[in-house]
Structure formats: structure tokens, C-alpha cells
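Notes follow once the structure below has been shown.
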Amino acid sequence: MKGISIIIPTQLENDRVYNNIQKIIEYTNGFNFEIIIVINNTDKKFDESRIIFSNLKIIYNKKGSAASARNKGAEISEKNILIFIDDDIYPVNKILWDEFLDLVIRSNGEKIYLPKWSYSNELISFCNLSTIGRFLLYYRYHEIEGYLNKNLSDELLIEHNGIASYLFPINKNLFFTLGKYNESIPYAGFEDHIISKKIYQAKIPIYIYNKHVVYHDEWNKINLRNWLNAREKNAITRQYAIREGHKELMLSYPFYKKFLYNFLLFNENIIIYFIEILSPFKIFDIILFKLIQGLLASRIYKGLKT
């Protein structure tokens with residue numbers, strides 16, 4: 001059936017999830033669509049009374065990865081275009097969202113269009129109140145350019161070499177032809193790299209749609225320990241992808257770095273306490289940013305050893 005299946009995996013970590021889902025529903029009004037919520041790897045129950053929408057499906061995936069949650073949502077979908085959306089993503093406004101969905105529908109999901117993402121102005125203001133928040137702003141981790149480590153051109157459609165599942169639209173038949181997400185990858189992270197390779201090998205074009213930005217509602221990540229935990233889990237998924245044969249992802253460490261990272265891991269609690277004590281004082285940011293970089297590198301090293 002023609003239309004859009006929006007698939008949202010979630011662990012229901014906070015109440016903001018419900019607000020984000022409701023915004024997606026409100027902004028998608030006018031299109032033929034369904035919402036599929038996959039409650040993943042948790043015993044929490046979804047409160048359907050908080051979502052106003054008739055075409056809502058709830059499924060539970062208690063011991064699965066993010067990859068398996070998305071696959072399960074795709075398997076029960078009834079529309080010809082799938083849009084995978086993380087539970088902390090929502091559209092900026094209806095006008096831009098309508099334009100983006102029109103583009104996806106016109107291509108029948110056979111070209112991959114990715115919107116840009118950024119923190120909202122409210123979240124950016126909140127970031128300025130802490131060292132970790134200011135660190136994310138300084139290195140532009142609050143927007144897609146920081147994670148890509150490059151400035152994007154001003155072109156409307158920017159050719160890209162991979163997808164990310166924060167918001168990933170694709171034709172349903174094409175998704176299953178590619179073999180879906182690799183469910184052996186735990187958490188969320190490098191399952192995107194694996195499916196990106198499949199898309200590239202199939203010569204399916206991928207573009208960043210420069211006109212549209214979605215908000216990334218990462219309030220829970222503006223906490224140093226939470227942010228480091230997320231980066232470590234991402235590194236764990238990288239290690240699993242390496243074991244699956246994706247050797248291009250391998251990283252090697254000389255002895256002195258291994259020694260340094262083990263030292264930082266052993267003293268991490270003290271270092272985090274030190275950073276949090278000095279967090280109100282921006283004058284120390286340059287020094288504290290270096291410490292955060294060291295903790296980040298050590299957590300990636302730890303994740304790759306898993």
C-alpha cells in the first residue's frame with residue numbers, strides 16, 4: 001500500500017519521547033502514514049493514552065538490538081516507504097517537513113535523502129551552562145557538521161557516502177532486498193556503516209538534503225558520564241562490525257596510548273568529579289576540554305576491547 005511507515009525504536013528513557021512522537025504525528029498530518037513504535041530492550045510499557053493518533057502500532061522487542069527493533073518494525077509495516085526515526089528526533093516545522101516528505105515520496109524511496117540535524121536553540125542555551133555542553137558546542141557535536149567533521153556546501157542536495165538511522169527513508173522492497181539491518185550488532189551505531197556499504201554497492205544515490213533540518217533532542221546526553229557511555233557503546237558496535245569482516249574499521253594503538261588510556265580509565269571517576277566541580281567556571285574550559293578528549297579516546301579504546 002502506498003504511503004509512509006514511520007518506525008521509531010525506543011527504550012522510553014524519558015517523557016520527552018512522547019512529545020517527540022506527537023510532534024512527528026502532527027507535522028506528518030496530510031500524508032498517508034502509520035506510526036510503528038518498537039519498545040526495545042526494556043520492560044517498560046508504552047502509555048498509548050499520551051499519543052493522539054489512530055494508526056499507531058506498538059510492538060515489544062525486549063532483548064533486541066536497535067537493528068532488530070528497526071527490522072521488526074519494517075516487517076509489520078503496511079506502506080511502501082519506510083522512514084526510520086530515532087526517538088530523540090523531531091521536525092523543526094511542518095513546512096520543511098512537508099517538503100522533505102514530498103521529496104522522499106517523489107523518489108519512491110529509491111534515492112536516499114537525509115535531512116541535516118541540529119540541537120534546538122533551547123538545548124544550545126542549556127549546553128552553555130556546563131563544561132560538557134560547551135565542549136559539544138565548541139567541537140560542533142551539536143550539529144551534523146561536527147559529527148561529519150566537515151563543513152557542508154550550500155548546495156540543495158549534497159552527495160554523501162553513507163546513511164545514519166537518526167532519520168533514514170528508504171523504499172520497503174529495496175530495504176528487504178538489501179538484507180535489512182545486521183542484527184548481530186548490539187546497541188546502535190555501526191549497523192549503519194554495514195547497511196551504508198550495501199547501499200553503495202547497489203549504486204543507490206545518497207544525498208543530504210541541505211534545506212531541511214530536524215532537531216536532535218539529546219537533553220540526556222548533556223551529562224559527561226551519559227555522553228561517554230554512549231560513545232563507548234558506539235565503539236562496541238564498531239568492534240562487532242570488525243568481527244563481521246569490516247576490517248576498514250580497525251584501529252591500532254601504540255603502547256604509550258594504551259598505557260595512557262588505561263590510566264585515564266582507572267582514574268575516570270576522579271577526573272569527572274574534577275571537571276564537574278570546575279564546570280561553572282568557563283575560564284578552565286580549555287584545560288577541561290583536553291581532559292574530556294582524553295576520556296573520550298579512552299572510552300573508545302575500552303569499547304573496542306570488548
Side-chain angles (χ1 to χ4, degrees), residues 3-40 44 46-58 66 69-70 73 77 79 81-105 109 112-127 133 136-137 140-147 163-170 188 192 208-223 226-227 230:
I4 301 169
S5 294
I6 296 177
I7 300 166
I8 307 173
T10 181
Q11 294 183 320
L12 298 175
E13 291 183 351
N14 55 63
D15 283 350
R16 298 186 68 86
V17 169
Y18 293 98
N19 296 331
N20 296 342
I21 293 171
Q22 193 60 51
K23 286 175 183 175
I24 291 170
I25 291 170
E26 290 172 4
Y27 290 151
T28 314
N29 184 37
F31 291 86
N32 177 18
F33 74 105
E34 64 178 354
I35 298 284
I36 301 171
I37 309 296
V38 187
I39 313 302
N40 192 46
K44 296 178 181 177
F46 189 84
D47 185 358
E48 294 185 47
S49 67
R50 300 188 60 176
I51 299 296
I52 304 171
F53 187 59
S54 58
N55 202 3
L56 181 71
K57 298 176 181 176
I58 310 295
R70 297 187 189 110
S77 65
K79 309 299 183 182
I81 295 175
L82 310 175
I83 301 184
F84 300 98
I85 304 182
D86 284 349
D87 68 356
D88 58 359
I89 294 289
Y90 63 93
V92 170
N93 60 52
K94 182 166 176 54
I95 294 174
L96 290 176
W97 185 234
D98 282 354
E99 291 180 4
F100 177 76
L101 293 182
D102 281 335
L103 185 67
V104 171
I105 291 169
I112 311 300
Y113 296 105
L114 307 173
K116 296 167 65 174
W117 64 263
S118 173
Y119 286 1
S120 65
N121 290 335
E122 182 185 10
L123 185 50
I124 289 172
S125 295
F126 182 73
C127 284
L136 297 177
L137 297 180
R140 299 180 70 187
Y141 288 140
H142 68 292
E143 58 186 0
I144 191 173
E145 285 88 344
Y147 274 90
I163 66 96
S165 295
Y166 65 92
L167 200 155
F168 168 39
I170 187 170
D192 287 348
I208 294 175
Y209 184 48
N210 207 15
K211 188 175 182 179
H212 186 49
V213 178
V214 292
Y215 283 146
H216 198 176
D217 193 38
E218 275 196 319
W219 286 81
N220 62 322
K221 296 294 193 306
I222 316 303
N223 170 286
N226 289 350
W227 187 75

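All residue numbers refer to positions in the sequence shown, counting from 1. Fair warning: this is a prediction, and the values are worked out from it, not measured in the lab. No hydrogens, no waters, no symmetry mates; every other heavy atom, side chains included, goes into these values.
Counting heavy-atom neighbours within 6.0 Å of I58 CD1, excluding the residue itself, gives a total above 12.
Between the CD1 atom in I35 and the OG atom in S54 there is a gap of 11.0 Å [rounded to 0.5 Å]. Considering CG of N93 and CG of D98, their distance stands at 9.0 Å, rounded to 0.5 Å. Atom-to-atom distance recorded for S120:OG and F126:CZ is 11.0 Å, nearest 0.5 angstrom. The distance from atom CZ of R70 to atom CD1 of I7, rounded to the nearest 0.5 Å, is 10.0 Å. Between the CD1 atom in I105 and the CD1 atom in I4 there is a gap of 4.0 Å [rounded to 0.5 Å]. With rounding to the nearest 0.5 angstrom, the CG atom of N20 is 8.5 Å from the CD1 atom of I8.
For the pair E13 and K44, the salt-bridge criterion is not met [side-chain N within less than 4.0 Å of a carboxylate O]. Between K57 and E34 there is a salt bridge, with a side-chain nitrogen of the basic residue lying less than 4.0 Å from a carboxylate oxygen of the acidic one.
Ring geometry for Y147 versus W117: interplanar angle of 30 to 60°, hence tilted.
Residues satisfying the salt bridge (Lys or Arg N to Asp or Glu O under 4.0 Å) test with D47, not counting sequence neighbours, are none. The salt bridge (Lys or Arg N to Asp or Glu O under 4.0 Å) search around E143 returns R140, not counting sequence neighbours. With sequence neighbours left out, the ring-ring contact (aromatic ring centres under 6.0 Å, His included) criterion links W97 to F100, H212. Here F46 pairs with Y18 under the ring-ring contact (aromatic ring centres under 6.0 Å, His included) rule; sequence neighbours left out. Evaluation of the salt bridge (Lys or Arg N to Asp or Glu O under 4.0 Å) rule for K221 yields no partner, not counting sequence neighbours.
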Report the C-alpha distance between F53 and I21 in whole Å, list the side-chain angles of each, state the deciding distance to 0.1 Å, and finish with yes or no for side-chain contact (heavy atoms from CB on, under 4.5 Å).
CA-CA 10 Å; F53 187 59; I21 293 171; over 6 Å; no

In sequence, state the C-alpha distance, the side-chain angles, and the governing distance for Y209 and E99, and then conclude on side-chain contact (heavy atoms from CB on, under 4.5 Å).
CA-CA 10 Å; Y209 184 48; E99 291 180 4; 4.0 Å; yes

Would you sort out whether V213 and L96 count as a side-chain contact (heavy atoms from CB on, under 4.5 Å), showing the intermediate values?
CA-CA 8 Å; V213 178; L96 290 176; 5.9 Å; no

side-chain contact (heavy atoms from CB on, under 4.5 Å), that's the test. Do T28 and L101 meet it? Break it down for me.
CA-CA 8 Å; T28 314; L101 293 182; 3.7 Å; yes

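Closest approach of F168 to A164, counting heavy atoms only: CB-O, 3.8 Å. N223 and N220 make their closest contact through CB-O, 4.1 Å (heavy atoms, listed as atom of the first residue, atom of the second, distance). Across all their heavy atoms, K94 and N29 have their closest contact at NZ-O, 2.6 Å. Minimum heavy-atom separation, C127 to I222: SG-CD1, 3.7 Å. Across every non-hydrogen atom of I24 and P91, the tightest pair is CG1-CD, 3.7 Å. Between L114 and P169 the shortest heavy-atom distance is CD2-CD, 4.3 Å.
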Show me the side-chain donor-acceptor pairs of residues 83-90 shorter than 3.5 Å, one per line, residues at least two apart or across chains.
from	atom 1	to	atom 2	distance (Å)
D87	OD2	T10	OG1	2.7
D88	OD2	H216	NE2	3.1

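Taking the side chain as every heavy atom from C-beta outward, N226 and W219 never approach each other to under 4.5 Å. With a 4.5 Å cut-off on side-chain heavy atoms, H142 and L123 do not count as touching. Side chains of E145 and K116 form a contact here, defined as non-hydrogen atoms less than 4.5 Å apart.
The aromatic ring centres of Y119 and Y215 sit 6.0 Å or more apart.
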